[in-house]
Amino acid sequence: MLNQRIKIKALLQQASIGTHVTVMGWVRTFRNNQFIALNDGSTNYNLQVVVALGMLPEATLKRITTGASLKVQGTIAESLGKGQSIELLATAIDILGDSDPEKYPLQPKKHSLEFLREIAHLRFRTNTFGAVFRIRHSLAFAVHQFFNERGFLYLHTPIITASDAEGAGEMFRVTTLPFDGTPRNEDGTVNFKEDFFGKSTNLTVSGQLEGELGAMAFSEIYTFGPTFRAENSNTTRHLAEFWMIEPEMAFYDLEDNMNLAEAFIQYLIRYVMAHNSDDLQLLDRRLAEEEKQKPANERSELGLLDKLNFVVNNQFERITYTEAIQILLESPAYKKKKFKYEVSWGIDMQSEHERYLVEKHFKKPVIVTGYPAAIKAFYMRMNDVCEPGKETVAAMDILAPGIGEIVGGSQREERLDVLQKRMEAMHIPVEEMSWYIDTRRFGTVPHAGFGLGFERMVQFVTGMTNIRDVIPFARTPKNCSF
RNA sequence: UCCCGAAUAGCUCAGUUGGUUAGAGCAUCUGACUGUUAAUCAGAGGGUCACUGGUUCAAGUCCAGUUUCGGGAGCCA
């Protein structure tokens, strides 16, 4: 049995001087043939292992290299050095796995994030990515805890779907049909009756529609699973495979929806601040270093920890789309013609507009509601009181500094006739969607929900600027390594 | 997909108006030292200058195309 060891996090927190312990981990660096910095991933702090002179044969000493894995037994002692309060005086060291220093790519020095992306299978062993993925774990755990505390049911919506009705982007096809000799109909189109499911199928782009079905029985549900978009997006905030959280609540209106989303985001941040303060501090320092490299006018005003504290302690700004357009039209940026894209009521706001509202005008997260119906999805509830020609829907987007849209949601259209009219107008295949429309036929209720991009949330909390650095193995156009 | 930029040693980068044998720091190896904190000191090895083609007496350097990467835009979460 191997697992009699103490993890380094626990050791640093609670072990007392003189105790004999066993630790296991990976060598970060070996200084002076005497001091091993050992890390086991439980914390970003290393344990300093002291090797007494002459304790190990020369040949064994040479095998203690960066990346090698060790089992160390020893006695905890007060450290004579300055960098740590306690250290482990080794009495026995076993090398579990060698790491050829000529070939091991990680060195005890700074590496660029771009380089580490190419060795994503090893980057977990760095301080930065150790912190990022410990925080990612905490966020995922906090998601479940938040909803569980509120009586939400975790619903597993399908990954493979036959509906392409939502129009949330290009989809990945799922098929077992051969590339050569694809079965054809008489008119030359592909005969999907021969395919595995007997119809055309894809990977899901959203669990929302199925989520609504669950909410119509359990009152409050949430989904948390992988989502796939085959968009050719090459940006710092898009992935082809990402994780999304989609709560769906019966008997909620738009305001209830906003209150939940805001409480949710603040809860997640508070959880990480309470459970990962070491990791956050490391990332805070990392970001501060990075900011120093930038020209003064591009630097952000708040550090990472300041920003998180601010978001937790202040209410999000809530404005309507119409007010947002008004603010943009009255802004100095607009008057000086700084915007590349036109501003007028009815536009789908561009990144530059959203960034102005969030980063320049309000300097905090902003919830925008009441978007024009023409630019939003069919399932969003038509607002009852609208100026003619300016029909709006009960939609809400939460815009976060540096990230842009982090949440998109709405109150859903629960009125059967209104929904059907909207679907027809937007050329949604009503017959194929009869299972969805059934919820409005049998005991329909007002309900609402939203989607939160999990990676964007991890980006926001960790301050990582590229989304590829907050998911273990990123899937992006032309890249599916590991 | 569009715009801009980049690709030189394991990593980070320099390389002048095109001109002899392409450099530095770190890493690695050898030796020294031994309470170090990205240890230090001395020495050594290490290159298809992304790929393909072109211009030229001569290309890491200029031109074209391709690939990949980075930043921005669109789409969105």
Side-chain angles (χ1 to χ4, degrees), chain A residues 28-37 45-54 61-62 65-67 77-84 87 89 99-119 122 126-127 166-170 205-208 224 226-246 261 294 298 340-341 348-355 375-377 397-400 403-409 450-460 465-471 476-479 481:
Chain A
R28 284 289 175 82
T29 171
F30 185 28
R31 287 183 291 267
N32 219 356
N33 265 1
Q34 207 180 166
F35 303 102
I36 303 168
Y45 290 112
N46 299 324
L47 174 67
Q48 169 148 295
V49 175
V50 183
V51 185
L53 285 173
L61 216 52
K62 281 210 174 352
T65 58
T66 304
E78 227 167 290
S79 180
L80 300 175
K82 281 178 186 158
Q84 58 284 315
E87 59 193 16
L89 303 176
S99 174
D100 185 345
E102 298 261 21
K103 292 177 183 150
Y104 188 64
L106 290 173
Q107 304 154 12
K109 61 169 264 189
K110 247 191 193 126
H111 289 291
S112 66
L113 294 175
E114 290 84 355
F115 172 66
L116 293 170
R117 246 168 252 158
E118 291 170 18
I119 51 163
L122 296 171
T126 64
N127 287 333
E166 212 212 334
E170 293 295 311
V205 293
S206 165
Q208 180 201 316
F224 184 6
T227 309
F228 307 88
R229 306 257 169 106
E231 299 286 351
N232 192 7
S233 298
N234 293 289
T235 77
T236 53
R237 55 193 188 283
H238 287 86
L239 292 164
E241 177 185 292
F242 64 100
W243 289 66
M244 187 155 63
I245 297 139
E246 295 178 290
K294 289 188 191 167
E298 285 175 28
K340 205 175 148 198
Y341 292 86
D348 205 351
M349 278 192 281
Q350 305 292 321
S351 305
E352 60 176 357
H353 304 139
E354 296 181 345
R355 273 212 312 276
I375 59 169
K376 288 289 181 183
D397 283 359
I398 301 185
L399 311 175
I403 311 282
E405 185 178 342
I406 195 166
V407 162
F450 63 85
L452 176 132
F454 185 59
E455 281 76 17
R456 289 188 182 173
M457 188 68 206
V458 182
Q459 274 188 282
F460 187 74
T465 51
N466 193 317
I467 200 166
R468 292 160 206 205
D469 294 330
V470 299
I471 190 165
T476 53
K478 301 282 178 282
N479 174 18
S481 305

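Letters go in sequence order (proteins before strands), and every chain restarts at 1.
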query = Does B:A73 have OP1 or OP2 sitting under 4.0 Å from an N or O in the side chain of A:Q350?
reply = no
message = Any side-chain N or O of A:R355 below 4.0 angstrom from OP1/OP2 of B:A73?
response = yes
Residue matched to B:G53 through Watson-Crick or wobble contacts both under 3.5 angstrom = B:C63
message = At less than 4.0 Å, is any side-chain N or O atom of A:R31 found next to OP1 or OP2 of B:U40? Yes or no.
response = no
remark   = Using Watson-Crick geometry (N1-N3 plus N6-O4 or O6-N4) or G-U wobble (N1-O2, O6-N3), each under 3.5 Å, B:G31 is paired with B:C41
key: Side-chain N,O (A:N466) to OP1/OP2 (B:G71) below 4.0 Å   = yes
request  = For A:I406, answer base if it contacts any base atom (sugar-phosphate contacts may also be present), sugar-phosphate if it contacts only those atoms, and nothing otherwise; contact means non-hydrogen atoms under 4.0 Å.
outcome  = sugar-phosphate
key: Sugar-phosphate, base or nothing in reach of A:E455, heavy atoms under 4.0 Å   = nothing
Pair assignment for B:G10, Watson-Crick or G-U wobble, requiring both distances under 3.5 Å = B:C26
key: Base paired to B:C76 (Watson-Crick or G-U; both N/O distances under 3.5 angstrom)   = none
query = Which heavy-atom pair separates A:G451 from A:E246 by the least distance, and what is that distance?
reply = CA-CG, 3.9 Å
task = Report yes if at least one side-chain N or O of A:S112 is closer than 4.0 Å to OP1 or OP2 of B:C11; otherwise report no.
result = no
